[in-house]
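For reference, the structure discussed in these notes is given below.
All of these numbers come straight from a predicted model, not from anything done at the bench. Lettering of chains follows the sequences in order, A, B, ..., and the numbering in each one begins at 1.
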Amino acid sequence: MSPPSSGRRWRSRSSWKARTRPPAVAGRVSTRDSRSSRSTSSGTRPPSRRSSSIRTRSARRRPRARLAEAPAWRRDHRLRSPDRGNPTGVMTDTKTPEATTTASTPTGRVPTVPPLPGSNVVAIARLADHVGEEVTLRGWLYNKRSSGKLHFLEVRDGSGVVQAVVFKGDVSPELFAQADRLQQETSLEVIGTVKEHGKIKGQYEVGVKDVKVLGAPAREYPISPKEHGTDFLMDNRHLWLRSKRQHAIMRVRHSIIKAVRDFFDLNDFTLIDAPIFTPNACEGTSNLFQTDYHGDPAYLTQSGQLYMEAAAAAFGKVYCFGPTFRAEKSKTRRHLAEFWMVEPEVAFMKLEEDMVLAEHFLSYIVQRVLETRQNELKILERDTKMLENVQAPFPRITYHQAIEILQQNGHPEAKVGDDFGGDEETVISNKFDRPVIVHRYPMNLKAFYFARDANDPSLALNMDVLAPEGYGEIVGGGQREEDLARLEGAITEHNLPREAFEWYLDLRRYGTFPHAGFGLGIERTVSWICGLPHVRETIPFPRMLNRLAP
RNA sequence: UCCAGCGAAGCCGAAUGGUCAGGCAGCCGGCUGUUAACCGGUCAUCUCGGAGGUUCGAUUCCUCCCGCUGGAGCCA
């Protein structure tokens, strides 16, 4: 059930390296570099205790202070502005002020809404800042254990889980008896003193003084702390989200999305949202969900790309991030009917730079998650070794080389012209120790808008990034056809309704320009980074072939 | 659409052509340090997904249907 892990290292290491090292990127970041830079931030105090003015000042000062101690590759990047010499404007510096402040604390920042006067409600994630103090927790009973004169109440409040210890000698007999009767998922207010855990160093617990039941369950909570079947859990998705594992996944998802936005912000992209209702299929391949739009058919978008091409002509470097929909009857561990996609598009960018952008983008996301979500990855029992390898540059192979790899590895029937299924993608990606870029597929396998390779017009200037460990394609993109006549020809060849694409053809009529971009599926990325066997747990409320509820 | 597997109490789940083991949760009790706690006790007519068939007898074998799961095609 779990995806196959790759113990193999990629073979032709030197060959791809020599051929494909991008001109603007100094070299790969070693694990040691990233670890040492991580340690600079992890020792800082949580931001809650700092005043905002200090925080601003230190954030402003930090880049310069770091510059002196930064390794050479990083200094290099600092000095190179996006407008000079770096074609994509991609910066690999992983330390943003946000990244620094969130590194050591899950909740991250100073609350913008001040607590009510006199209230001492504390988030469980912040208990370490309140050792010795009497605090109030508000949350739900996650689990309960007892031992004679002690009850151990595991309380969760969304920020974390803590053990609240009710000692018979500390509370009234009534309260002690009541604590014994508390049911799972009762909502509570717990008042007690924060102290170090009786057995585990570095953890904290609360010595209970009082417990108030805010809401007792009307019936038995269906999800007991034991195994359950997938279907049952999916039927109870609204409750399942409360469990530790789901909590960890959603936190990682959150961090991935934040890293996506930070990456594009840092590299001067503008967020341009694409519409969700569209009048026509933009790729003309997949099945779309049709809706009624005041009497006319409309479809739920399957990609924002065509709109991003228009936006790139207006803003240069753009991206969109939103839900996309596919009505395919796919029932696999990699498919959802509704999923979230990130799609950057850059004016005057060509395929080679597109690959550089994609590999730096992915590296940034993975390294940010490693910095900020170690606890969550531990809960998910994710082996992070393979993730630490995710550093640009990635190996690159052509579609033809990929076919050769397949032929030599148990797929002798593979031939030029075939597309890759999940199985084939796994065979290819298992040859490498990090994501691999496969480029220049046959044109007839690809959507109409791809540019052709000038050296071989049968090939598309496209690229897919295959994630390691059997997770398959997570990025797909490439360079777009910029020539009006050729694009018109492609629309005709694909039997697409010409009228619907007039606006799109306008982009070639009025100052056409080379441009490229890609799409990244968020759920597949979350699934890969978390090491999950199925994408259904990576989105809060999945929409799948046979599931529209809850 | 096709292929394969599965369908038993709130949940997980063994066995079986002759009437559902065990466990979790629940309930009662025990234990000053437990951490998917543990120990003892207790509980459930669940027509063993539905319909039909074979049989003296089916949860168990066969057929169809429904549902679920994984996969193929398609895709991120």
Exercise for the section: Using a cut-off of strictly less than 4.0 Å, decide whether A/H534 has a side-chain nitrogen or oxygen near OP1 or OP2 of B/G70. Expected result: yes
Residue matched to [N] through Watson-Crick or wobble contacts both under 3.5 angstrom:
{"N": "B/U19", "value": "none"}
{"N": "B/C48", "value": "none"}
{"N": "B/U54", "value": "none"}
{"N": "B/G67", "value": "B/C6"}
{"N": "B/U1", "value": "B/A72"}
{"N": "B/G40", "value": "B/C28"}
{"N": "B/A14", "value": "none"}

What is the nucleic acid contact for [X], judged by heavy atoms within less than 4.0 Å: base, sugar-phosphate only, or nothing?
{"X": "A/V535", "value": "nothing"}
{"X": "A/E205", "value": "base"}
{"X": "A/R334", "value": "base"}
{"X": "A/K331", "value": "base"}
{"X": "A/G472", "value": "nothing"}
{"X": "A/E473", "value": "sugar-phosphate"}
{"X": "A/F152", "value": "base"}
{"X": "A/I200", "value": "base"}
{"X": "A/D464", "value": "nothing"}
{"X": "A/L520", "value": "nothing"}

When you measure from the side chain of [X], which nucleotide among [options] comes out closest?
{"X": "A/R333", "options": "B/C11, B/G70, B/C68", "value": "B/G70"}
{"X": "A/S330", "options": "B/G71, B/C74, B/G70", "value": "B/C74"}
{"X": "A/E328", "options": "B/G70, B/C11, B/C74", "value": "B/C74"}

Taking the same atom, [atom1], in [N] and in [M], what whole-Å distance lies between them?
{"N": "B/C46", "M": "B/C11", "atom1": "P", "answer": "14 Å"}
{"N": "B/A44", "M": "B/C20", "atom1": "P", "answer": "13 Å"}
{"N": "B/C6", "M": "B/U60", "atom1": "C1'", "answer": "15 Å"}

[X] side chain to [Y] main-chain N or O, any donor-acceptor pair under 3.5 Å?
{"X": "A/T324", "Y": "A/F339", "answer": "yes"}
{"X": "A/D157", "Y": "A/G160", "answer": "yes"}
{"X": "A/Q184", "Y": "A/I223", "answer": "yes"}

Practice task
Evaluate the ring planes of A/F448 and A/Y504, with Trp represented by its six-membered ring, and classify them as parallel (under 30°), tilted (30 to 60°) or perpendicular (over 60°).
Solution key: perpendicular
Between [X] and [Y], do the side chains contain an N or O donor and an N or O acceptor separated by less than 3.5 Å?
{"X": "A/H360", "Y": "A/S363", "value": "no"}
{"X": "A/H515", "Y": "A/Q479", "value": "no"}
{"X": "A/E196", "Y": "A/Q203", "value": "no"}

Handout entry: Any N/O donor-acceptor pair, A/H335 side-chain to B/C75 base, under 3.5 Å
Key = yes
Handout entry: A/H228 or A/M341, whichever maps to the more 5' nucleotide of RNA chain B
Key = A/H228
Given atom [atom1] of [X] and atom [atom2] of [N], what is their separation to the nearest angstrom?
{"X": "A/D423", "N": "B/G70", "atom1": "CG", "atom2": "P", "result": "16 Å"}
{"X": "A/L233", "N": "B/C68", "atom1": "CG", "atom2": "P", "result": "15 Å"}
{"X": "A/D231", "N": "B/G10", "atom1": "CG", "atom2": "P", "result": "16 Å"}
{"X": "A/K329", "N": "B/C3", "atom1": "NZ", "atom2": "P", "result": "17 Å"}
{"X": "A/Q302", "N": "B/C74", "atom1": "CD", "atom2": "P", "result": "15 Å"}

Practice task
Search all heavy atoms of A/E413 against all heavy atoms of A/D418 and return the closest pair with its distance.
Solution key: O-OD2, 4.0 Å
Fill in the blank from the handout: Nucleotide by nucleotide, nucleotides 24-32 of chain B touches protein heavy atoms under 4.0 Å in the pattern (B base, S sugar-phosphate only, - none) SBS----BB
Problem - Sole residue of A/K144, A/R156, A/R219 in salt bridge (Lys or Arg N to Asp or Glu O under 4.0 Å) with A/E185 - result: A/R156
